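The structure under discussion appears below in the form of structure tokens.
Predicted, not measured: the structure shown is a model, and the values here were computed from it.
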Amino acid sequence: MMMKKIIFLVSLVCVSSAFSEIKCDNSVLKTEKTYEIPGAGYWMQAFGDCRITYTSVGGISSKMYNMCTNSAEPITNRIDAYGLPEGDIYTHPGAYGIEFYKTSDLLLSGAQTRPFFQDAHPGDYQSIGILSKSGNERKIRIAMGSAGGSIKDYVIKKKGDDFEIKAVQSEPLKICRNIPSAGLDRQVPILSRDGKYIAGRDNGTRVMKIYKINDRNGDCEFVNEIPAVTSKVSFSFDKKNVIFVVNDPNTRKGRLLQMNIESGEVITLSSPTENVQYMTSTEKGEILYSRKSDSGSGATSTLVKLSPSLIPKANSSDSKSYEAIGLMWAKNCNMQIDLDYALAVGQRLTDENCNAIVKDGDLKSLDAEYSNLKTDEVKKVCSVSAGSAAKTSGSAGPAATGQ
């Protein structure tokens, strides 16, 4: 099963004129901020405090967007860029192997910038973990999704405006050869932010699993598995969760989910009105995700930023009230949703929409498990809903298009 609470569906009813003020689109959701970015936000990676890198529609090239200036910025003409969290270096997989670029060179010289370091570590969809940091020195690990997955470590020393990079191993280390299928699906493996864990699809079972990596021989120790068919994941910097997107069987849209690595608890983060494409976490604990724009145009995507206070919580003391709010919203919007969606919607509805939805009649029409809820008590959570003080769906305006 994809989620523990997926079987409850809301019966369809006609929208009453009394509820004409209720909105049924993405405008009902609290966000820290939204941005319109050029092209699809796939293979999206947080990059420093302000930027994201991502791959454009059709996988033609990488793009970079600056959320602080609300504009696109130049990036080298390769696909699948992956930045170090500090934002000063990013990498591309190249014809020779892994290529390292300085952000400062990029901003000065544009998309024709050349790599300042290359190494023979070939493959697709590289991901990076920071093994350690001390002063001006960082030890990083790069995983490549080729031939079942491989890792290689590097030491980066910052010297003024330049960097010195040395590979720790002479050859990449093949990983997860000890698991029954003798490796991971070649294009899926993704490292955790500390480089100690890796998520990848098992070649035998086709289930996405999380493993701890043995630094000495590359063997993998099973930790947990993601109970859904999905592609690549993104690890949180606090090492507690992974986020990922699945195709929702009811809405036929991309649903954003989060799983606790230790407990395996899965919660929904998006609403049924959103078609999520990709996601990434930031060092500040924010979640960034891209969705198809409301206009339906393939030329742009909507980038959504959620602060930690806006990330729905499954173990809230007000969970039943949030579920009830989400179910009443779906009922008035002629939607079928499960309890996970209802919980996510209830916690992210703007105060205005929340108060418009909570009506005594609708509350009493819900299943018996909500019969003890009182209208006034449910209304109280509208004003204390997660992140109520945060900005609500504030679009950053159109993106620059000169990329």
Pair Thr91, Glu99 - check side chain to side chain donor-acceptor pair (under 3.5 Å), show working.
CA-CA 5 Å; Thr91 66; Glu99 299 179 345; over 6 Å; no
Residues [X], [Y]: salt bridge by 4.0 Å N-O rule:
X      : Y      : result
Glu274 : Arg348 : yes
Arg141 : Asp215 : yes
Glu377 : Lys380 : no
Asp105 : Arg114 : no
Glu86  : Lys158 : no

Option among Ile128, Ile142, Leu131 that satisfies the side-chain contact (heavy atoms from CB on, under 4.5 Å) test with Tyr154:
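The option that passes is Ile142.
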Pairing donors with acceptors under 3.5 angstrom, does anything connect the side chains of [X] and [Y]?
X      : Y      : answer
Asn26  : Thr273 : yes
Ser365 : Lys331 : yes
Gln347 : Ser316 : no
Ser281 : Glu286 : no
Tyr341 : Asn250 : no
Tyr90  : Thr76  : yes
Asn66  : Glu73  : yes

Report yes if some heavy atom in the side chain of Tyr125 is under 4.5 Å from a heavy atom in the side chain of Tyr82; otherwise report no.
no
Do Cys354 and Ile325 make a side-chain contact, defined as non-hydrogen atoms from C-beta onward lying under 4.5 Å apart?
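A side-chain contact under 4.5 Å exists here.
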So which heavy atom on [X] is nearest to which on [Y], and how close?
X      : Y      : answer
Thr350 : Ser27  : CG2-O, 4.1 Å
Met259 : Val266 : CG-CG2, 3.7 Å
Leu306 : Leu310 : CD2-CB, 4.2 Å
Gly41  : Met44  : O-CB, 4.0 Å
Ala167 : Asp119 : CB-OD2, 4.1 Å
Gly285 : Ile311 : O-CD1, 3.6 Å

Between Phe100 and Phe163, ring centroids under 6.0 Å:
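No, the ring centres sit 6.0 Å or more apart.
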For the atom pair [atom1] ([X]) and [atom2] ([Y]), what is the distance rounded to the nearest 0.5 Å?
X      : Y      : atom1 : atom2 : result
Phe235 : Ile210 : CZ    : CD1   : 5.0 Å
Leu173 : Asn214 : CG    : CG    : 9.0 Å
Met328 : Leu349 : CE    : CG    : 10.0 Å
Lys379 : Asn355 : NZ    : CG    : 4.5 Å
Thr55  : Gln45  : OG1   : CD    : 8.5 Å
Asn332 : Ile357 : CG    : CD1   : 7.0 Å

Any idea how Tyr35 and Tyr65 line up, ring-wise: parallel (<30°), tilted (30 to 60°), or perpendicular (>60°)?
perpendicular
Check against side chain to side chain contact (heavy atoms under 4.5 Å, CB included), Ile190 and Ser234:
CA-CA 7 Å; Ile190 302 294; Ser234 180; over 6 Å; no
Is the backbone of Thr53 close enough, under 3.5 Å, to the side chain of Trp43 for a donor and an acceptor to pair up by distance?
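Judged by distance alone, no pair lies under 3.5 Å.
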Ignoring hydrogens and angles, tell me if any N or O in the side chain of Asp80 forms a donor-acceptor pair with the backbone of Pro93 under 3.5 Å.
no
Evaluation steps, side chain to side chain contact (heavy atoms under 4.5 Å, CB included), between Ile140 and Ile156:
CA-CA 8 Å; Ile140 71 169; Ile156 302 176; 3.8 Å; yes
Using side chain to side chain donor-acceptor pair (under 3.5 Å), reason through Asp153 and Gln169 one step at a time and then give a plain yes or no.
CA-CA 7 Å; Asp153 301 339; Gln169 304 95 349; 3.1 Å; yes
Residues which pass salt bridge (Lys or Arg N to Asp or Glu O under 4.0 Å) with Asp161, listed by chain and number, not counting sequence neighbours
none
Show every donor-acceptor pair shorter than 3.5 Å between a side-chain atom in residues 220-233 and any protein atom, with sequence neighbours excluded, or say none if there are none.
residue: Asn224; atom: ND2; partner: Ile261; partner atom: O; Å: 3.0
residue: Thr230; atom: OG1; partner: Val245; partner atom: O; Å: 2.8
residue: Lys232; atom: NZ; partner: Tyr42; partner atom: OH; Å: 3.3

Decide yes or no on side chain to side chain contact (heavy atoms under 4.5 Å, CB included) for Thr268 and Leu343, but give the supporting numbers first.
CA-CA 8 Å; Thr268 292; Leu343 183 63; over 6 Å; no
Yes or no on side chain to side chain donor-acceptor pair (under 3.5 Å) for Asp202 and Ser181, after CA distance, side-chain angles and deciding distance?
CA-CA 7 Å; Asp202 187 293; Ser181 61; 2.9 Å; yes
Report the C-alpha separation of Tyr54 and Leu303 in whole Å, then their side-chain angles, then the decisive distance to 0.1 Å, and conclude whether the side chain to side chain contact (heavy atoms under 4.5 Å, CB included) test is met.
CA-CA 11 Å; Tyr54 61 98; Leu303 175 67; over 6 Å; no
Over 12 non-hydrogen atoms of neighbours within 6.0 angstrom of CD in Glu137:
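It does: Glu137 CD has more than 12 such atoms within range.
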